[in-house]
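Quick note: residue numbers are just sequence positions, from 1. In each ligand, atom 1 is the first atom listed, and ligand 1 is the first ligand listed.
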Amino acid sequence: MSGLADIVARIRAAESKAGRAEGSVGLVAVSKRQPLVRIEAVLASGHRVFGENKVQEAQGKWPDFRERFEGVKLHLIGPLQTNKARTAMELFDCIETVDRPKLARTIARLAGEMGRCPDLFVQVNTGAEPQKSGVLPDEAGALIAECRDLELPVAGLMCIPPFDADPVPHFRLLREIAARNGLGQLSMGMSGDFEAAIAEGATLVRVGSAIFGAREYGQNRPDGEG
Ligand SMILES: *Cc1c(COP(=O)(O)O)cnc(C)c1O
């Protein structure tokens, strides 16, 4: 799959340019609303880490792929309603969108019942956009502290910069909030800006259309989609 190989090569080049260790940036291949044949091609080429933004859509396609391909890791990168938390925790290896105390408490309670918990990221609404999910930058520290009190495995922070803004100040803000709170992982950067995100310290980039091609239907904006 040339899309995948090309993106992996560009990630390695961006790591090297930023003086980062080779392989220090992980790739989440964002497979939402992609035809199954394209996802299958990326699986067949050996990639195993994928991102989906809707619990129900992921539930529809991944159990089947998981039976056929070993070692799949799924990241939830879209907003999570508390009433879908259990399903999400059963399906996903990582939930990147913890953004409010109520959700953190629900995940903690379910983790107690289930005896395990996916890796977690706190999503920060770096642009303070009213329609976008994510905790406000000023409130991130308190939410991270609450997650720690609940003994949740928070690995890092995630952000989706405003659609039409220069993303770099947003990447920097996310990095600062992570550093202030002692978190090592940064999920930031998409098809149009992952190299800039790597230069700013991303440890995980979420790339969809540049790997798979344009999505099947609907608009292309992340978060709040459909
Ligand atoms: C869809 C989506 C992406 C991938 O966007 P592309 O522009 O296709 O790379 C990344 N992150 C989130 C949260 C998304 O919803």
Side-chain angles (χ1 to χ4, degrees), residues 1-11 14 25-36 38-39 41-42 47 49-62 73-81 84 88 91-100 103 118-127 129 131-135 155-168 170-171 173-174 185-198 200-226:
M1 182 93 193
S2 65
L4 177 71
D6 177 53
I7 295 306
V8 171
R10 285 171 58 189
I11 290 171
V25 178
L27 170 62
V28 178
V30 178
S31 49
K32 68 186 186 202
R33 290 194 275 111
Q34 291 291 346
L36 297 181
R38 292 188 193 162
I39 302 172
V42 170
H47 192 76
V49 186
F50 292 84
E52 292 282 347
N53 70 334
K54 288 185 185 289
V55 175
Q56 216 170 338
E57 183 185 335
Q59 216 178 3
K61 57 188 164 186
W62 284 98
K73 299 281 184 209
L74 274 189
H75 288 225
L76 179 64
I77 60 170
L80 179 58
Q81 297 171 309
K84 290 189 184 155
L91 191 60
F92 289 93
D93 302 285
C94 179
I95 295 174
E96 297 200 18
T97 52
V98 178
D99 65 353
R100 57 200 192 278
L103 179 60
D119 294 331
L120 302 175
F121 283 67
V122 168
Q123 181 180 354
V124 182
N125 184 357
T126 54
E129 295 172 276
Q131 81 287 4
K132 196 167 268 178
S133 47
V135 65
L157 303 180
M158 178 272 217
C159 76
I160 308 168
F163 182 67
D164 47 11
D166 175 3
V168 168
H170 297 271
F171 297 153
L173 176 58
L174 196 72
Q185 299 278 324
L186 291 172
S187 173
M188 56 191 199
M190 315 194 300
S191 289
D193 57 20
F194 68 89
E195 284 144 322
I198 291 169
E200 298 302 332
T203 59
L204 213 52
V205 293
R206 310 177 308 267
V207 181
S209 43
I211 294 174
F212 294 102
R215 282 180 277 278
E216 268 193 315
Y217 51 88
Q219 38 144 342
N220 271 327
R221 294 196 194 180
D223 199 55
E225 271 184 290

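Residue contact check for ligand 1: E96 places no non-hydrogen atom closer than 4.0 Å to it.
Near V207, meaning under 4.0 Å from one of its heavy atoms, ligand 1 places the atoms 9 (O). Which parts of ligand 1 touch G208 is read off a 4.0 Å heavy-atom cut-off, strictly below it: atoms 4 (C), 6 (P), 8 (O), 9 (O). In summary, the atoms of ligand 1 found under 4.0 Å from a heavy atom of S209, numbered by their order in the structure, are 6 (P), 7 (O), 8 (O), 9 (O).
Polar contact with ligand 1: absent for I160 (N/O pair, distance under 3.5 Å).
A salt bridge is absent between E57 and K32: the closest approach of a Lys/Arg side-chain nitrogen to an acidic carboxylate oxygen does not fall below 4.0 angstrom.
Inter-residue side-chain proximity for L91 and L76 is flagged as unmet; no heavy-atom pair is nearer than 4.5 Å.
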I would like to know whether T97 and Q123 meet side chain to side chain donor-acceptor pair (under 3.5 Å); could you show each step before the answer? CA-CA 5 Å; T97 52; Q123 181 180 354; 4.9 Å; no
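Closest to atom 11 (N) of ligand 1 by heavy atom, among R215, R206, K32, is R206.
I7 and A210 make their closest contact through CD1-CB, 3.7 Å (heavy atoms, listed as atom of the first residue, atom of the second, distance).
The number of heavy-atom neighbours closer than 6.0 Å to NZ of K61, taken from other residues, nucleotides and ligands shown, is above 12.
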